[in-house]
Novice: 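Structure incoming, see below.
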Amino acid sequence: MIVADGALHGIQEVATTLGLTHRTLRFYEDRGLVAPQRVGSTRVYTKRDVARLQLIQRGKRLGFSIREIKDFLDLYDADPEHIEQARLLLAGVEKRAADLHKQRDALDETITELEQLQREVRAWIEGH
DNA sequence: CTTCTCACA
DNA sequence: TGTGAGAA
């Protein structure tokens, strides 16, 4: 049977085209983020798998953990209307943005302190 | 080329 | 969060 799901791809090919290594794909699979079909024991990635991997890459780019990304993807599968999924995404995105703002504030404080010290040391040097 | 497992940063 | 290596 195996319906009409176009081209299938090997792990090396998928990894290369996504700028990943086959080790990373296997790691994601271990973590339950992807579940490629098997032909015998060989993994075969569909275009849906590749789409999932691209979502994973986006999630990582935005600073989400493998676990968070998995929870999101799982919900996407479980909920055809994608309502709960959207709520989870929103919550996660808000949290992430809040964390980053917090980090930025901390960095600003540190930079300000460094600049102050910088002025103090310069003044001390001038005075000698 | 692919698989798996174990160790390791 | 991945990587390297060894063996099949």
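Sequence lines set the chain letters: A, B, ... in the order given, protein chains first and strands last, and positions in each chain run from 1. Values reported hereafter were calculated over all heavy atoms of this structure, with side chains retained and with hydrogens, waters and symmetry mates removed.
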Novice: So, the side chain of A/D71 versus the backbone of A/E68: is there a donor-acceptor pair under 3.5 Å, distance only?
Specialist: no
Novice: Atom CD1 of A/I11 and atom P of B/dT3: how far apart are they, to the nearest Å?
Specialist: 5 Å
Novice: Does any N or O in the side chain of A/R31 come within less than 3.5 Å of the main-chain N or O of A/I66, such that one atom is a donor and the other an acceptor?
Specialist: no
Novice: Nearest whole angstrom, please: distance from the P of C/dG2 to the CG of A/L18.
Specialist: 13 Å
Novice: In whole Å, what is the span from the CG atom of A/L33 to the C1' atom of C/dT1?
Specialist: 12 Å
Novice: Between A/E29 and A/R26, does at least one N-O distance fall below 4.0 Å, as a salt bridge requires?
Specialist: no
Novice: Please report the distance, rounded to the nearest Å, between CD in A/Q37 and P in B/dT3.
Specialist: 14 Å
Novice: Quick one: is C/dT1 close enough that its OP1 or OP2 comes under 4.0 Å of any side-chain N or O from A/R31?
Specialist: no
Novice: Tell me the interatomic distance from A/K60, atom NZ, to C/dT1, atom P, rounded to whole angstroms.
Specialist: 6 Å
Novice: Rounded to the nearest angstrom, tell me the gap between atom CD1 in A/I69 and atom C1' in C/dG2.
Specialist: 13 Å
Novice: Of A/R23 and A/E13, whose nearest nucleotide on DNA chain B comes first from the 5' end?
Specialist: A/E13
Novice: B/dT2 phosphate, OP1 or OP2: any side-chain N/O from A/S41 under 4.0 angstrom?
Specialist: no
Novice: Measure the spacing between CZ of A/R61 and CD1 of A/I56 and express it to the nearest 0.5 Å.
Specialist: 12.5 Å
Novice: Below the 4.0 Å mark, does C/dT3 have OP1 or OP2 next to a side-chain nitrogen or oxygen of A/T21?
Specialist: yes
Novice: What is the nucleic acid contact for A/R26, judged by heavy atoms within less than 4.0 Å: base, sugar-phosphate only, or nothing?
Specialist: base
Novice: Expressed in angstrom and rounded to an integer, what is the separation of A/F27 atom CZ from B/dT5 atom P?
Specialist: 15 Å
Novice: Would you classify A/R38 as touching base, sugar-phosphate or nothing, given that sugar-phosphate means primed atoms plus P, OP1 and OP2, and contacts are heavy atoms under 4.0 Å?
Specialist: sugar-phosphate
Novice: Does A/E113, at its CD atom, have more than 12 non-hydrogen atoms belonging to other residues, nucleotides or ligands within less than 6.0 Å?
Specialist: no
Novice: Find the distance A/L25:CG to C/dG4:C1' and express it as a whole number of Å.
Specialist: 16 Å
Novice: Tell me whether the side-chain N/O atoms of A/Y28 come closer than 4.0 Å to OP1 or OP2 in C/dG2.
Specialist: yes
